[in-house]
Structures are given as structure tokens and as C-alpha cells.
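One structure is given here, and the rest of the page talks about it.
Each chain gets a letter, A, B and so on, in the order its sequence line appears, and its residues count up from 1.
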Amino acid sequence: MTTIRAIRGMNDILPDESSYWQYLESAVAAVLTSYGYGEIRLPLVEQTALFRRSIGEVTDIVEKEMYSFDDRNGESLTLRPEGTAGCVRAAIQNGLLGTPQRLWYSGPMFRYERPQKGRQRQFHQVGAEAFGIATPDIDAELILMTARLWRVLGIADHVQLQLNSIGSSAARQAYREALVNYLSGHREALDEDSQRRLQSNPLRILDSKHPGTRDVLANAPVLTDYLDAESREDFARLCELLQAASVSYVVNPRLVRGLDYYNKTVFEWVTDKLGAQGTVCAGGRYDGLVAQLGGKPCPGIGFALGKERLVLMLEALALAPPAAASADIYVVNAGAAAETAAFAALETVRDALPALRIVQHAGGGSFRSQLKKADKSGARWALIWGEDEVAAGTVTVKSLREQGLQESLPVADLAGYLAHHSSP
RNA sequence: GUGGCCGUAGCUCACGUGGUAGAGCACCGGAUUGUGGCUCCGGAGGUAGCGGGUUCGAGACCCGUCGGCCACCCCA
């Protein structure tokens, strides 16, 4: 019989690792909440058309990476490959866009990709989106939030902010023509992938890794020179605001986005700690997306951060809190009568001290073997019930962290004793 | 979708050019008939990913397949 395995690229997160995730998630929630962002919980499954219309028909995500399937009624559905589209859909559908909105969400996304370091088929993002504000102050706010998060997590020294403006769609169109024009003249010097992208997605050639292609790009026209006046001004203002808040950044004129809906501000936080998948957080403005999805025109901007990648960084830098012991108290009980007495007494203790983590030994075994497990659990105290205790109506409390500390007391006094001794 | 490297005990890995499996850690028991950590003794656990081939003989060599990692692509 063949054993069933998890789907490739869809990983289990085991208890040892989940402490990092909880640490990350609580930090993220605290920072976003402190800026007034409200959590929105979205479905994992949406109509396929939502992603086709937002992400762009010719991106790899839509062309070959979506988990799409027909529902029982024949409608084509897709496991969400990213969060913005669903968030925009929900904001429109629920009438949230009459006033500015600050929203965030967290959860799994799905793309059929070849797994590698920092890239899974089921991966997890936190996203934040701000709607209804066209001015660059909100751009700055979002970036400040992420910068604060890195400080809270302790990774600020290991990430770098890259910034660019990709302008209005008209400006981008003009630039695109100029770029294609220039690159076509050096076609033979480009790598195979970039030659193909000359047709499909010329702007993506800008972040090609091929040395030959990068040489050609050195003299290519620069997007900045094609920007419309408003994009130029907004970008300058954003830079001012970031400087005022002491957030350092690097303007990268070749920074572009993979998804079609972006315009004006785009940004990316990158690290050299993760190998090839060095982008830890990325986002930008998408002023046309709401209208594109059928809502009344409404500007928007947002970012997404990759939780796996941040967890990898926390692990690499040993930054998460030390793994906590799994128990405060481990209960040793030998024999049926002792087991009965322990069950009865412990429920009373749990009522009185709900925060106490009490692990009751299960499965039998000698006192010796049970004490071994008590020690391994990391608990500070062992409670011991055996024939002697049952006969006397007592329980033995033994310190596992201090030499020779052990005493017996009436079961009725147990909760009070623990309340007194187990507080930190 | 493409490429490189790799699949031996629960984990990390040994097993010079083929002679039919081993260590450390973890686990279980004992030394201590009701007391953990240290130490010592013992034990259990593997159809060497799977299938085929070469060979007297394959964990080792060859082919296929599945899986993993990393990179390309793409992207958070």
C-alpha cells in the first residue's frame, strides 16, 4: 500500500515552526491595527474571471499557474493566487468604497509553480490595502507600516527598500514602445527569455538576471524620463515623506511589477538572506483596478508580504522567541484509583487556574518512566498520585527545577498551593 | 515548463574500485520493587523511494519512474 503524501509544494507547519508563525502573525496584526487597518477575511475560492480581469491575461500566473476547476454547476472557480483581487471584489460588493478604507488580510495563496527556497505552491501572505486616497501620503503610510514591522521583528538591518514610479498607463505605453524599439536593435544580444518577452511583457526584461541582457539595458531608455507630471510630483512627495520619517530607500528605475494592475508608486523590500527569492514584501498603487472590476472609480494601493520568507529570515537570524516549554505542570499517576483521583482534582484546578498548562500523563508506565516524560516536557512541577496519596487523600508536588523540593498536601489545597507557587 | 544535485533506521549521516547494513541522537526497558535530569547496561526499529536491467552476487553500476532540495522561469 502506498502511503499518501502531501501535495508537492504544500507543506505542513509543525509545532516547532508554528511558534515562529505565531510570533510573526501577532507582530503583524499589532502593527497594522495600530495604524487603524481593519482585518477582512476573504474566501479562498473566487470566480476565475476575477483573476483574469485583474492580474492580466498574459501573465504566467493566469496562463499556467492557477488552480482552476469547474464547480458542480459548471462555473469556473480558482483558488486565489493573490489577495488584492478578492479584497477589491469584496470592497465593491459590500459597498465599502464610499469612504476611504484601510484593510488587511492574511492567509494562503495558491500557484502551480516549481517549489524552491522561499516558494511553495500553497504559500501565505499578509496583505494591506488602502482605498479611496489618491495622494502620496497614503503611499508613505503603507511603507512606514512595513518599515515599522521590520523594526518590531528585528530584521530592519537585513532588508532594503526599493522604490520606483511606473507612471500612468499612457506614460508606460510610451515608454514601452521606446524600450521595445531600443531593445529590438540589440535583439541578438538578448537572452532567449528576454527575446520572447519583447512580445509578451517587455517591461519585465528590465529585471532580467542575464549579464548580456543587463549590458544592453545599461544604455536603454529610462522609465523615469517618460513619466507624466502628476506621477513625477507624487513620487517626489513620497520620497520627501519617507525622508521626513527617516526611512531610507533606493530608487530603482528598473523596478517593475509582474501584475498588470499597478501604476505610479511601486516598491519592494528585498533581502540577501534568502537566496534567489529575496523579495519579502512588495506592493504598489492600482488606481484603475476598482473600476476595472466593475466598481465606481476609486484609487487604491497595497502590499503583500510573504510569510514563509519572513519566517525563513527569523529562523536564519535566530530572532523568534525561544521555544516555550509545552507544559507548566506534568501529572504523574499510577494505577486506576490514582488516575481517577487525578482526573477529578485536575478539573477543579483548571477551573481555578485556566492559564496553567497542565499535561496529564496518559498511557500508563512506571513512576520512573512518567517522571522522565515530566522532565522532558519542560514542566516546572510534577504532581504525583499513587496508592499512598489516594489512601491519604493527598497529592505530592515535586519541583522539577529545584533540587529536593517535594511535599505532600491535601488534594483540597492543591489549587490554592499552585496559585501561590506557579505564578512567575 | 527547463537544468543541476540528492533519496540508507523517527532524525542527521556512514558503508574506499559491487560480496547481501552501521553510528550518533531520539525511542523502549533495566541498574533505582514509588521518583526525572548525569552515568552505565540492554533492546526495538531498515523488502537501502519504487520498478526493471547488468552480474554468480547490487545500497553501490545502467535505464525508467516517483519524491526532495537548489537554480532558471515567474513572483510575495
Touch class at under 4.0 angstrom, heavy-atom based, for A/I384 against every strand present: base
Separation of B/rG7 P from A/R5 CZ (nearest whole Å): 16 Å
Identified pairing partner of B/rC72, criterion: Watson-Crick or G-U wobble below 3.5 Å: B/rG1
Sugar-phosphate, base or nothing in reach of A/K64, heavy atoms under 4.0 Å: nothing
Rounded distance in Å - CG (A/D207) to C1' (B/rA76): 14 Å
CA sep, side-chain torsions, deciding dist, call: A/E389, A/S408, side-chain hydrogen bond (donor to acceptor under 3.5 Å, both in side chains): CA-CA 8 Å; A/E389 284 80 2; A/S408 290; 4.8 Å; no
Closest-nucleotide 5' rank along RNA chain B - winner of A/E402 and A/K376: A/K376
Rounded interatomic separation in angstrom, taking CD from A/E113 and P from B/rC69: 14 Å
Proximity to the side chain of A/R119 - top-ranked nucleotide from B/rC28, B/rG67, B/rC73: B/rC73
Any donor-acceptor N/O pair, A/R111 side chain to A/E65 backbone, under 3.5 Å: no
Nearest-nucleotide pick for A/R114, side chain only, options being B/rA76, B/rG1, B/rC28: B/rG1
Sugar-phosphate, base or nothing in reach of A/G127, heavy atoms under 4.0 Å: nothing
Backbone N/O of A/R114 and side chain of A/R119: donor-acceptor pair under 3.5 Å: yes
From B/rA76, B/rG34, B/rC28, nucleotide with atom closest to A/T396 side chain: B/rG34
Length of the CG-P vector between A/D191 and B/rC73, whole Å: 8 Å
Touch class at under 4.0 angstrom, heavy-atom based, for A/L400 against every strand present: base
First of A/K117 and A/R401 reached from the 5' end of RNA chain B, by closest nucleotide: A/R401
Sugar-phosphate only, base, or nothing, as touched by A/Q277 at under 4.0 Å among non-hydrogen atoms: base
Touch class at under 4.0 angstrom, heavy-atom based, for A/E389 against every strand present: base
Touch class at under 4.0 angstrom, heavy-atom based, for A/R204 against every strand present: base
Sugar-phosphate only, base, or nothing, as touched by A/A374 at under 4.0 Å among non-hydrogen atoms: nothing
Distance-only donor-acceptor test (3.5 Å): side chain A/Q370, base B/rU35: no
Touch class at under 4.0 angstrom, heavy-atom based, for A/F303 against every strand present: nothing
Phosphate OP1/OP2 of B/rG34 contacted by A/K372 side-chain N/O (<4.0 Å): no
Side chain of A/R368 - closest among B/rG34, B/rG1, B/rG36: B/rG36
Ionic contact status for A/R357 with A/D328, cut-off 4.0 Å: yes
A/R172 NZ/CZ over A/Y226 ring centroid, <6.0 Å and within 45° of normal: no
Sugar-phosphate, base or nothing in reach of A/V280, heavy atoms under 4.0 Å: sugar-phosphate
For B/rU8, the Watson-Crick or wobble partner whose two distances fall under 3.5 Å: none
Sugar-phosphate only, base, or nothing, as touched by A/E65 at under 4.0 Å among non-hydrogen atoms: sugar-phosphate
Euclidean distance, atom CD of residue A/E407 to atom C1' of B/rU35 [Å, nearest integer]: 16 Å
Integer-rounded Å distance: B/rC50 P and A/I4 CD1: 18 Å
Under 3.5 Å: donor-acceptor pair, side chain of A/R254, backbone of A/L206: no
Closest listed nucleotide, where the reference is the side chain of A/D375 and the choices are B/rU35, B/rG37, B/rC72: B/rG37
Touch class at under 4.0 angstrom, heavy-atom based, for A/E387 against every strand present: base
B/rC61 pairs with, by Watson-Crick or G-U criteria that keep both distances under 3.5 Å: B/rG53
Non-hydrogen atoms of A/T78 and A/M66 that approach each other most closely: CG2-SD, 3.7 Å
